[in-house]
Asks: 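Input: one structure, supplied below.
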Amino acid sequence: MVTGLGAVSCFGSGTGALWEGLLGASRRPDPAPDVCGLPARPHLYAVPDGDAPARGTGRTGALLATAVAEAVAEAGLSAGDLLDAGLTVGTSLGDIDLSEPGVGAGAAAGAGADARPGAGAAAGTGPGTGPGPFGDVGVPPATHRVAASLATRFGIGGPGQTLSTACSAGAYAVGWGAELIETGQADVVVACGGDAFSRVAVGTLQRFGLLDGECCRPFDTGRAGMVTGEGAAALVLESAESARRRGRPVHAVLAGHGWSCDAHHPMAPEPSGEQLRRSAARALAGIDGTPGAAVLHRAGVAVNDTVEAAAISAAVEAAGGSGGDVLGYAPKAVMGHTAGAAGVFGCVIAALVLRHGLVPPNAHVTDLDPDCPLTVPLDRPAPLARPSVLVSGTGFGGNNAVLTWRAAA
């Protein structure tokens with residue numbers, strides 16, 4: 001059961017700002033020719049700056065703190081509730097700005113309006129976290145320390161896990177959080193994901209030729225790659241018994257989830273999409289019939305987009321439905337690729353779609369991809385015909401995670 005939602009994105013802080021931004025479907029990033037000093041023109045869907053991060057915390061940690069604070073407040077969790085709660089964090093690079101000279105003072109300044117001095121001071125302690133190539137962060141760097149900082153800041157004392165499966169990390173974090181509840185290790189889990197701007201990441205993606213110099217166009221035949229984004233999203237997951245006991249309204253119910261790995265290539269998906277289809281099939285087993293919509297990982301990289309849509313459509317058809325009856329939505333067109341946050345954003349968006357009964361329109365489509373087997377809403381929001389939503393997450397290394405959500409009874 002989802003009892004709390006939180007988000008901070010290029011549209012601003014809060015799930016309300018996120019939903020309004022998605023409905024607008026027209027955002028384009030401002031030109032950023034100076035980003036990383038790269039000769040091409042990569043763009044960044046950046047989060048508007050807020051207060052500076054707390055001491056010892058980077059930009060990702062500050063973004064996550066803002067999203068988690070909103071989700072925890074909406075769920076009405078007390079300090080006592082959080083003491084035994086679990087925490088799962090999906091991130092690709094964590095507080096990478098603390099190890100990238102020149103980023104922390106510029107692009108990495110801000111975000112997290114409720115950041116407080118000294119928060120997360122206990123993070124980064126323990127074996128292997130002394131001075132090293134990442135300064136006082138140590139090795140392992142920014143990924144693990146983000147979870148420690150969040151646990152310290154919010155008093156989350158239950159089982160914790162950091163998932164860093166590249167761009168599917170957020171989807172894995174939500175699935176892992178559900179397993180903590182399913183196996184009785186926790187009644188409440190804060191599942192979140194976040195990533196901020198990174199010079200190394202943008203430079204690497206540029207070197208691989210994966211960035212679109214204009215905008216992200218996931219459903220257009222002229223797509224030429226992704227656009228980077230930053231942000232954080234969070235969900236409060238609870239067992240049904242816990243939600244009833246606390247008398248909390250339920251925003252969505254996780255109906256099924258599945259994980260798999262292609263083990264095919266460090267970057268490219270396996271062409272048949274068989275492992276992604278298996279993950280989708282397992283997730284679809286939790287709902288009755290065809291999902292009303294699919295919030296796709298689709299990021300504007302042609303081969304990845306094609307394999308994903310085909311695999312999901314095949315799984316739907318194997319379950320007795322039709323891919324054409326599913327409304328496909330690609331939020332990265334208007335908020336960029338938020339890396340480890342993307343999967344959690346997908347789940348938050350799924351809950352908002354169920355709440356409003358609408359699927360936002362897809363942006364930046366001039367010539368619709370004829371190979372997409374799903375129905376693609378354009379120009380205006382489309383009504384959700386069935387109260388269930390699939391969320392897909394894929395990542396480098398062939399890491400796949402698919403989740404299905406349904407409306408609360």
Side-chain angles (χ1 to χ4, degrees), residues 1-8 15 18 60-61 63-75 77 81-82 84-92 94 143-144 146-151 153-165 167-195 231-240 242-243 248 250-259 283 286 295 338-352 389 391-393 395 399 401-405:
M1 308 291 170
V2 176
T3 57
L5 303 171
V8 56
T15 56
L18 172 64
T60 296
L63 295 172
L64 278 163
T66 301
V68 169
E70 181 186 10
V72 165
E74 185 176 47
L77 293 174
D81 296 326
L82 289 171
D84 295 322
L87 173 67
T88 59
V89 181
T91 184
S92 185
T143 51
H144 295 169
V146 167
S149 177
L150 288 172
R153 179 187 181 89
F154 292 96
I156 301 173
Q161 179 71 32
T162 297
L163 290 303
S164 192
T165 53
C167 303
S168 61
Y172 270 79
V174 176
W176 193 282
E179 290 201 358
L180 289 177
I181 295 173
E182 292 164 359
T183 57
Q185 297 180 66
D187 286 329
V188 177
V189 173
V190 177
C192 58
D195 266 308
L235 303 166
V236 172
L237 303 174
E238 294 193 51
S239 66
S242 175
R248 304 307 302 181
V250 175
H251 302 298
V253 177
L254 181 59
H257 58 98
W259 304 347
V295 180
T338 53
V344 190
F345 268 121
C347 294
V348 169
I349 292 168
L352 295 173
V389 181
V391 176
S392 173
N399 295 293
V402 182
L403 310 98
T404 52
W405 303 87

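Residues: numbered from 1 along the sequence shown.
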Asks: Can you find a heavy atom in the side chain of I349 that is under 4.5 Å from one in the side chain of L18?
Replies: yes

Asks: Yes or no on side-chain contact (heavy atoms from CB on, under 4.5 Å) for D84 and D187, after CA distance, side-chain angles and deciding distance?
Replies: CA-CA 8 Å; D84 295 322; D187 286 329; over 6 Å; no

Asks: Passes side-chain contact (heavy atoms from CB on, under 4.5 Å), W176 versus L163? Steps please.
Replies: CA-CA 9 Å; W176 193 282; L163 290 303; 4.2 Å; yes

Asks: Is there a side-chain contact between W405 and V174 in this structure, where contact means two heavy atoms from C-beta onward sitting under 4.5 Å apart?
Replies: yes

Asks: Within this structure, what is the OG1-CD distance for the pair T88 and E179, rounded to the nearest 0.5 Å?
Replies: 11.0 Å

Asks: Indicate the atoms forming the closest heavy-atom contact of H257 with G175, along with that distance.
Replies: CE1-O, 3.7 Å

Asks: Is the backbone of S92 close enough, under 3.5 Å, to the side chain of D195 for a donor and an acceptor to pair up by distance?
Replies: yes

Asks: Applying side-chain contact (heavy atoms from CB on, under 4.5 Å), run through V68 and L87 and close with a yes or a no.
Replies: CA-CA 10 Å; V68 169; L87 173 67; 5.6 Å; no

Asks: Are any side-chain N or O atoms of T404 and backbone N or O atoms of A283, one a donor and one an acceptor, separated by less than 3.5 Å?
Replies: yes

Asks: Are the side chain of S168 and the backbone N or O of A171 linked by a donor-acceptor pair below 3.5 Å?
Replies: no

Asks: Quick check: closest heavy atoms across V344 and G193, and the distance to 0.1 Å?
Replies: CG2-N, 3.5 Å

Asks: How close do F345 and G231 get, heavy atom to heavy atom, and via which atoms?
Replies: CE1-C, 3.9 Å

Asks: Work out which heavy atom in C192 is nearest to a heavy atom in L150; give both atom names and the distance.
Replies: SG-CD1, 3.9 Å

Asks: Give the minimum heavy-atom separation between V146 and G94, together with the two atoms involved.
Replies: CG2-CA, 4.0 Å

Asks: With side chains defined as the heavy atoms from C-beta onward, is the minimum distance between V89 and L64 less than 4.5 Å?
Replies: yes

Asks: Given the rule in the side-chain contact (heavy atoms from CB on, under 4.5 Å) test, do V348 and L235 qualify, once you have shown the distances and angles that lead to the verdict?
Replies: CA-CA 7 Å; V348 169; L235 303 166; 3.6 Å; yes

Asks: Looking at A7 and E70, what are the two nearest heavy atoms and their distance?
Replies: N-OE1, 3.0 Å

Asks: Test your reading of the model: is there a side-chain donor-acceptor pair from S164 to the backbone of T91, 3.5 Å cut-off?
Replies: yes

Asks: Rounded to the nearest 0.5 Å, what separates atom OG1 in T3 from atom CG in L77?
Replies: 6.0 Å

Asks: Determine whether V236 and E74 make a side-chain contact, defined as any pair of heavy atoms from C-beta on separated by less than 4.5 Å.
Replies: no

Asks: Within the distance-only criterion (no hydrogens, no angle test), does the side chain of S392 pair as donor or acceptor with the backbone N or O of V402 below 3.5 angstrom?
Replies: no

Asks: Could you measure the distance from the CZ atom of F154 to the CG atom of L82? Nearest 0.5 Å is fine.
Replies: 8.5 Å

Asks: Can you tell me how far the CG atom of D81 sits from the CD atom of E238, to the nearest 0.5 Å?
Replies: 7.5 Å

Asks: Checking S239 side chain against I181 main chain: does a donor-acceptor pair fall under 3.5 Å?
Replies: no

